[in-house]
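Worksheet: one structure, shown below.
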Protein chains: 2
Amino acid sequence: MVDLPQLPDDPSKLAREPLREQIRQVLVEGLLSGRWQPGERIVERRVATELKVSQAPVREALRELEGLRLIETVPNKGARVRAFGVQDMAEIYPVRAGLELVAAQLAAPRLAADPSRLEREVEALQEATARGDVSEQIRHSVEFHREIVCAADNSVLLHTWESLGVEVWTALSVRWLNMELHAKAADHAQITRAFREGDPSVGQMLSDHVLNYVEAAMKSHGVTR
Amino acid sequence: MVDLPQLPDDPSKLAREPLREQIRQVLVEGLLSGRWQPGERIVERRVATELKVSQAPVREALRELEGLRLIETVPNKGARVRAFGVQDMAEIYPVRAGLELVAAQLAAPRLAADPSRLEREVEALQEATARGDVSEQIRHSVEFHREIVCAADNSVLLHTWESLGVEVWTALSVRWLNMELHAKAADHAQITRAFREGDPSVGQMLSDHVLNYVEAAMKSHGVTR
DNA sequence: GTAGGCTCATCTGTCGGCAATATTCACACA
DNA sequence: TGTGTGAATATTGCCGACAGATGAGCCTAC
């Protein structure tokens with residue numbers, strides 16, 4: 001039994017998150033934690049009962065998850081957890097690489113002038129790696145990339161990049177495919193340096209770095225096709 | 001007063017489109033036709049009453065439109081038609097260019113082997129241009145690009161590209177910004193030739209072609225910032 | 001034994017209503 | 001005249017219920 005976070009106890013939060021957001025959060029955590037297995041059906045009304053809410057906000061939350069391709073829905077048949085694997089990575093990462101290549105080009109001037117945010121993330125990632133704190137590694141690794149995309153100052157680019165669900169998929173790939181994030185910290189430092197020095201090949205460097213994630217996943221999991 | 005397409009008269013269509021799809025279609029057309037002006041509020045219940053449906057499917061349709069960035073929603077305040085302009089084009093097209101660059105690289109072998117679908121679109125575009133049929137020009141112009149993305153055989157790439165709402169935004173840019181699609185047919189023919197001949201620079205060519213749309217929009221509308 | 005049809009349980013898609021929230025406007029007050 | 005206050009209204013967010021679609025199981029005819 002999963003409960004919604006009890007917000008009523010916290011009247012300080014003036015603008016309470018909409019219910020559907022909380023539900024989406026619960027569902028994502030459920031997927032990450034293996035509460036629902038791949039291929040398993042997610043029944044709207046059952047989730048609703050479980051969370052003591054109505055069907056409507058659950059539906060909306062499910063639609064968002066569909067946008068992230070975490071579930072698949074068939075009209076009149078409902079939603080199932082997607083069975084994802086290396087193949088999904090192989091499809092997602094080239095797209096990410098292409099987007100971040102664009103981002104790097106757009107963001108280069110801004111980041112050359114002020115790479116401090118990147119440096120902060122690199123530092124945090126190194127610390128987390130030293131501590132062996134995996135979830136912090138994921139967080140700062142993703143944040144590093146997000147900083148670059150944000151610095152491109154293109155809301156469509158950011159929106160599109162976000163819609164890939166990078167954080168969730170990274171977590172999934174670590175959990176389900178035993179992907180390792182090992183030596184990524186070094187890459188990040190090198191990329192940051194390239195930005196700082198205005199190296200024109202930084203875009204390609206970043207793109208290659210992203211594609212490397214796939215290689216790592218493929219290698220650690222075995223190429224299944 | 002706008003009506004939903006009367007499907008009950010057509011029992012041949014076995015799997016009727018979900019209501020929300022029909023509503024989305026009506027809303028998109030309303031936006032394209034100027035039924036709703038930029039900045040104007042879209043009130044869920046008003047639309048619902050008008051289409052003789054309930055609030056629920058309208059909400060879902062609106063969320064999809066939000067994904068296409070055609071409207072903006074603020075929690076507890078509702079949806080407004082986005083006021084879009086050249087600035088939006090300037091943000092969308094670099095992203096599109098980046099995605100299609102990836103698509104071209106992935107699709108190159110397949111399209112070199114069989115460029116017939118591209119050729120068909122080029123032909124249709126030329127015909128439409130000759131006839132001066134603008135909406136057909138838009139359709140085939142967009143289809144040409146979609147064919148390339150499809151040929152990349154990467155569902156995430158296709159999904160991401162689709163989420164940019166290329167067709168709608170192209171139509172909008174023609175309608176609201178008086179963007180011209182003039183000599184695009186020639187570009188398309190050249191790109192097709194490059195694919196057929198396995199020209200390795202086809203990706204860059206396609207990317208430049210897409211970015212050219214922005215140039216055209218900027219020029220025809222005047223740079224507003 | 002099996003193909004086709006019927007019944008029934010389950011679940012989605014949709015509905016109309018209610019409570020919570022935002023906005024507007026009138027009005028009192030400084 | 002400018003400003004805070006509160007009622008009135010408009011609209012979203014959510015709820016509980018129902019109609020129609022889907023799939024499983026059983027039953028019958030061959």
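Just so we're on the same page: letters track the sequence lines, and every chain starts at 1. Every value quoted in this text rests on a predicted model; they were computed, and no experiment measured them.
The CD atom of B:Glu44 sits 11 Å away from the P atom of D:dC14 (whole-angstrom rounding). The CZ-C1' distance, from B:Arg24 to C:dT14, rounds to 18 Å in whole Å. At whole-Å resolution of the value, CD in B:Gln22 and C1' in C:dT14 are 13 Å apart. Across the protein-nucleic acid pair, A:Lys52 atom NZ and D:dC14 atom C1' stand 17 Å apart, rounded to whole Å. Atom CG of B:Asn76 is separated from atom P of C:dA19 by 17 Å (rounded to the nearest Å). The CD atom of A:Glu21 sits 11 Å away from the P atom of D:dG13 (whole-angstrom rounding). Separating the CG atom of A:Leu19 from the P atom of D:dT12 is a distance of 18 Å, rounded to the nearest angstrom. In this structure, A:Glu60 places its CD atom 11 Å from P of D:dC15, rounding to the nearest Å.
When distances are taken from the side chain of A:Ala56 to each of D:dA21, D:dC15, C:dT14, the shortest belongs to D:dC15. Nearest to the side chain of B:Ser54, among D:dG13, C:dC15, D:dT22, sits C:dC15. Considering only side-chain atoms of A:Arg63, the nucleotide from C:dT14, C:dT12, C:dG13 that sits closest is C:dG13.
For the OP1/OP2 pair of D:dG13 and a distance below 4.0 Å, the side-chain nitrogens and oxygens of A:Arg20 include at least one atom meeting the criterion. Side-chain N/O atoms of B:Arg41 include one lying less than 4.0 angstrom from OP1 or OP2 on D:dT12. For D:dG13, the OP1/OP2 oxygens have a side-chain nitrogen or oxygen of B:Arg59 closer than 4.0 Å. A close approach under 4.0 Å does not occur between any side-chain nitrogen or oxygen of A:Lys77 and OP1 or OP2 of D:dA21.
Among the heavy atoms of the strands lying under 4.0 Å from B:Gln55 is at least one base atom, whether or not backbone atoms are also near. When heavy atoms are screened at a 4.0 angstrom cut-off, A:Leu62 is found touching no nucleic acid atom at all.
At least one donor-acceptor pair under 3.5 Å links the side chain of A:Trp169 to the backbone N or O of A:Leu68.
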Original post:
Could you walk me through whether B:Glu21 and B:Arg24 pass the salt bridge (Lys or Arg N to Asp or Glu O under 4.0 Å) check?
Top reply: CA-CA 5 Å; B:Glu21 279 305 311; B:Arg24 185 174 65 82; 2.9 Å; yes
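Judged as a ring pair (Phe, Tyr, Trp, His ring centres under 6.0 Å), the pairs with a partner in residues 133-159 of chain B (not counting sequence neighbours) are, in order, B:Phe144-B:His188, B:His145-B:His188, B:His145-B:His209.
Here the closest non-hydrogen pair linking B:Arg20 and B:Pro57 is CB-O, 3.9 Å.
A side-chain donor-acceptor contact under 3.5 Å links B:Ser141 and B:Tyr213.
A donor N or O paired with an acceptor N or O is not found under 3.5 Å between the base of D:dG16 and the side-chain atoms of A:Arg45.
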